[in-house]
Amino acid sequence: ESVYKVLTRNDGKTLSLVMSDEFNTENRKFDDGMDPNFDAVHKPDYTNEAIQFYNSSTEYVTTRDGSLVISTKAIKTSWVEWDFESLRPKSGIKNYTSGMVQTWNKFCFTGGVIQLSIALPGRHDSGGLWPAAWLMGNLARATYEKSTMCMWPWSYDQCDGSINELEAKQQISACNSDPGYGMHPHQGRGAPEIDIFEVMPGHSMPFTGPVEAFMSSSLQISPGIAKANPKRPKNGLKLNSSQIWYDDVKLGNGAEFNYGFWGQECGPERDPSVNKIHKYMEDAISANRYLNETHFDDHHLYTLDWQPGPQGYLYWYLDDELILGIDGLSIQKRTGAMIPMEPMYLILNTAISHRWGMPEPCPVASCSSCWRCYDCTNPDCQCSLPDGMKNCKNLPAEMKIDFIRLYQDLEDSSHTIGCSPDRFPTAEFIQAHPLRYMNWMPMTASSQTRYWSFIITSSVILLLLMIAIIMQCCINRYKKQVPGYSKLTHSMELSGMLSGTLSEKGRVVEIISNERFI
């Protein structure tokens with residue numbers, strides 16, 4: 001293993017090994033708190049229209065034969081959880097179950113060269129899976145949507161008026177003189193994303209023809225090129241001479257721009273402001289490269305070279321062959337954004353979504369009977385699936401990670417280890433916003449019983465209260481309709497004030513009685 005202690009970067013600098021996981025210990029557990037670096041996620045995935053549940057058990061995430069193994073199966077998972085919007089329990093079900101591990105808030109780094117040896121899951125010609133290896137800034141927790149709002153994927157540290165209503169878009173902006181939570185004044189913060197790879201296996205769908213397996217490597221950052229800019233590229237269309245993009249982007253042999261996705265508008269789904277001031281653009285500077293069956297059958301080396309800061313860069317490699325290179329000065333020139341300087345953590349997962357690994361099926365008019373069914377175990381849903389997913393032929397599947405190694409320049413102050421470094425703290429902010437980051441918890445049978453007991457008890461009390469109110473209304477109405485009723489009541493109250501004997505009270509009652517029937 002001493003062979004792997006150093007790495008010589010392309011610029012000639014020697015980097016030192018600062019972290020490695022060779023996964024040589026068998027049957028490791030990655031439930032929350034079980035591992036010093038990794039946590040397996042246990043929750044439904046609501047991002048990107050995912051149709052899988054992430055399970056943290058060793059059935060889906062463990063180590064075996066010297067590899068970290070992430071499994072995906074055609075097993076349904078159902079649950080009941082508390083809905084904070086409707087303030088009541090809601091049930092859910094996912095047709096597939098898979099695994100995700102992340103090092104969020106446990107192991108983060110900034111800068112260096114990270115290498116992963118990975119064999120991709122499933123077959124190269126069988127669509128339906130979405131394996132990925134990626135980094136995200138520690139101020140957002142992947143798949144926890146509340147933590148990403150107006151935080152993802154900002155990498156911007158300016159306050160020059162070039163972006164209208166910046167503080168409504170970037171939660172921690174350079175315009176803020178007192179951000180609190182241990183943050184530095186006038187420092188823009190966020191949670192950018194670097195995708196080491198996202199893989200779409202080859203597939204064939206009705207009316208679309210065959211698609212070869214490919215991987216996408218991307219930097220996703222905000223701000224992006226303005227939505228209103230007529231020269232902004234359109235998703236699904238190739239770049240042409242009338243449009244603008246980032247200069248000096250380097251594409252390796254066999255790589256091309258990912259014209260299917262140039263970026264998107266971000267912000268809250270419902271922006272109540274008149275001018276939609278909370279909406280902002282993100283750009284995906286991304287390249288695709290075709291893969292073949294060996295990338296699924298054997299381990300291959302995926303490398304990211306990351307030099308942080310405005311004058312930094314990002315380079316992606318597959319088996320030491322360049323895929324994509326991005327220069328920091330080019331980004332700063334176009335939008336003012338910068339190569340990420342945030343502490344970032346690693347995520348490894350296999351998802352299933354019709355937005356990526358399972359593309360949209362044929363038009364509704366042609367196969368309305370199973371539109372968006374996506375259940376490979378259901379005979380009535382097969383027309384909405386790629387050929388390789390029909391009848392679950394591609395499952396179960398395993399992504400195998402042989403090792404993860406991180407190298408850094410020990411003399412470069414921008415290369416750091418830790419999730420809350422002094423220059424880019426995160427700890428106090430995360431601690432002060434627990435609802436954004438806390439682990440997902442389903443409602444247990446006992447908690448559901450307590451909830452429904454509370455609902456029934458509350459309903460009975462409310463019903464009794466309504467009955468009491470109705471009775472009081474009837475009494476008040478009766479008082480107004482019966483002649484002399486108010487005088488009777490008044491005289492009875494007077495009788496209660498008398499200190500006399502029974503004969504005195506009887507006399508008063510007799511007087512009232514005579515008065516009432518005159």
Side-chain angles (χ1 to χ4, degrees), residues 31-33 41-47 49-57 75-97 141 143-149 268-273 278 372-375 377-378 430-498 502 505 508-509 512-513 516-517:
D31 299 279
D32 184 44
V41 171
H42 193 88
K43 67 186 294 289
D45 186 358
Y46 293 119
T47 63
E49 298 186 39
I51 53 178
Q52 88 289 333
F53 183 98
Y54 286 126
N55 190 305
S56 63
S57 73
I75 295 179
K76 291 179 172 61
T77 300
S78 59
W79 68 93
V80 176
E81 64 181 305
W82 181 258
D83 186 350
F84 286 93
E85 292 188 2
S86 64
L87 298 179
R88 60 180 300 169
K90 71 173 182 179
S91 59
I93 186 169
K94 298 282 189 179
N95 291 329
Y96 305 91
T97 305
R141 189 177 184 185
T143 76
Y144 289 75
E145 294 175 284
K146 292 184 184 300
S147 72
T148 63
M149 187 61 63
E269 185 176 348
R270 294 182 294 275
D271 189 344
S273 61
H278 300 284
R372 291 199 171 186
C373 178
Y374 300 119
D375 181 0
T377 66
N378 187 339
I430 292 171
Q431 186 177 13
H433 299 85
L435 291 179
R436 300 187 187 186
Y437 301 98
M438 68 180 183
N439 290 340
W440 177 84
M441 290 291 292
M443 293 185 69
T444 62
S446 60
S447 63
Q448 292 180 57
T449 300
R450 289 196 300 270
Y451 169 78
W452 288 114
S453 297
F454 170 77
I455 292 296
I456 293 171
T457 303
S458 300
S459 299
V460 171
I461 293 173
L462 181 61
L463 178 61
L464 293 174
L465 181 61
M466 291 176 65
I467 292 173
I469 292 173
I470 293 171
M471 290 179 65
Q472 186 63 48
C473 290
C474 292
I475 292 172
N476 292 339
R477 189 173 180 181
Y478 180 75
K479 287 179 179 180
K480 294 179 180 179
Q481 291 179 348
V482 176
Y485 189 90
S486 59
K487 294 180 180 180
L488 170 65
T489 305
H490 179 64
S491 299
M492 290 179 68
E493 290 174 351
L494 287 175
S495 71
M497 297 173 63
L498 297 175
L502 179 62
K505 291 183 180 179
V508 173
V509 172
I512 295 171
S513 178
R516 180 178 177 185
F517 291 103

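Quick note: residue numbers are just sequence positions, from 1.
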* Structure fact -> The side chain to side chain donor-acceptor pair (under 3.5 Å) partners of Gln431 (sequence neighbours excluded) come to none
* Structure fact -> Tyr437 meets the ring-ring contact (aromatic ring centres under 6.0 Å, His included) criterion, sequence neighbours left out, with Trp104
* To do: Would you please name every residue forming a side-chain contact (heavy atoms from CB on, under 4.5 Å) with Asp32, sequence neighbours left out?
  => Asp39, Asn439
* side-chain contact (heavy atoms from CB on, under 4.5 Å) involving Ser91 - partner list, sequence neighbours excluded -> Val80
* Residues forming a ring-ring contact (aromatic ring centres under 6.0 Å, His included) with His42, sequence neighbours excluded -> Phe53
* To do: Could you pull out all residues at least two apart from Lys43 that satisfy side chain to side chain donor-acceptor pair (under 3.5 Å)?
  => Thr143
* To do: Please name all residues satisfying side-chain contact (heavy atoms from CB on, under 4.5 Å) with Leu462, sequence neighbours left out, ordered by chain then number.
  => Met466
* Asp45: side chain to side chain donor-acceptor pair (under 3.5 Å) partners, not counting sequence neighbours -> Thr47, Gln52
* **salt bridge (charged side-chain N to carboxylate O under 4.0 Å, His left out) involving Lys76 - partner list, sequence neighbours excluded** => Asp375
* Partners of Gln472 by side chain to side chain donor-acceptor pair (under 3.5 Å), sequence neighbours excluded? -> Asn476
* To do: Quick one: list whatever passes side-chain contact (heavy atoms from CB on, under 4.5 Å) with Leu435, sequence neighbours left out.
  => Met438
* Over all heavy atoms of both residues, which pair between Ser147 and Arg436 is shortest? Give the atoms and the distance, please. => CB-O, 3.6 Å
